[in-house]
Every structure is written in C-alpha cells, then in structure tokens.
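In this text, all values refer to a predicted model and were calculated from it rather than measured experimentally.
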Amino acid sequence: AVLSAVGSSLIGLHAMDTLEAPLVPLLVNLVPPFLLALCVSTLRMGASELFRLDNRLEGTISPTEFTCIKLALSSLTALGLAMICESGTDSKASWWSALLAGSPTG
C-alpha cells in the first residue's frame with residue numbers, strides 16, 4: 001500500500017509539472033489509496049482483536065460471522081449515504097421514488 005501511495009504521489013507530482021490540470025482533481029485521485037490502506041489496516045486490527053482468546057468474546061466469533069457483520073454495516077452505511085446524497089431535487093425525483101414508479105406493482 002505504501003509503494004502504491006508513493007507511486008501515485010510521484011505520478012501526480014510529475015503530472016502537475018507537465019499538465020495544466022488543477023490541483024483538486026489530482027488530490028481526489030491520490031486520496032483513495034490512503035483510505036483503502038486505512039480500511040484494510042482497521043479491518044485487520046479488528047479481526048485480530050476479535051479472534052484473540054483473552055478478550056471478552058474469548059475468540060468465539062468465527063470469520064464468517066465477522067464478515068457478515070462487517071458487510072451488513074457497510075451495506076447500511078452505503079444505503080444511508082445514497083439516501084442522503086441522492087435524495088432528488090425539485091425537478092428530479094429521488095432514486096427510491098423512481099424505483100417504485102418503475103416497478104409493476106408500484
């Protein structure tokens with residue numbers, strides 16, 4: 001992850017010298033590797049803590065349970081953010097209204 005982030009940063013710095021692109025799009029392209037590395041390291045730390053035998057759960061949670069809980073939380077977060085960010089405007093219906101209008105029973 002570190003080499004990927006360093007490589008992306010070097011490409012971005014080289015592109016800033018040779019291209020006339022603004023800085024914000026370059027920074028937007030550099031942020032995802034750092035966020036991905038943060039997510040992976042947090043997930044590994046959480047998994048290692050849950051699987052330890054000396055914690056409160058005594059290592060009884062299985063990798064399948066941990067994955068299901070993590071996916072459920074991620075899905076609920078994505079649904080909530082989609083409802084907030086794509087709630088529609090005066091001229092455009094929200095995505096859930098358009099989904100209901102397009103269904104055969106709605």
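- Residues Phe34 and Val6 are members of separate hydrophobic clusters, defined by side-chain heavy-atom contacts under 4.5 angstrom among Ile, Leu, Val, Met, Phe, Trp and Tyr.
- Considering CG of Asn55 and OG1 of Thr60, their distance stands at 8.0 Å, rounded to 0.5 Å.
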For residues 43-51, dump all side-chain donor-acceptor pairs below 3.5 Å to protein atoms at least two apart in sequence or in another chain.
| residue | atom | partner | partner atom | Å |
| --- | --- | --- | --- | --- |
| Ser48 | OG | Arg44 | O | 3.2 |
| Ser48 | OG | Met45 | O | 2.9 |
| Glu49 | OE1 | Arg52 | NH1 | 2.6 |
| Glu49 | OE2 | Arg52 | NH1 | 3.0 |

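- Taking CD1 from Ile69 and OG from Ser74, the interatomic distance works out to 11.5 Å, rounded to the nearest 0.5 Å.
- Between Leu38 and Thr42 the shortest heavy-atom distance is O-OG1, 2.7 Å.
- Taken together through direct or relayed side-chain contacts under 4.5 Å among Ile, Leu, Val, Met, Phe, Trp and Tyr, Leu71 and Ile61 form parts of separate hydrophobic clusters.
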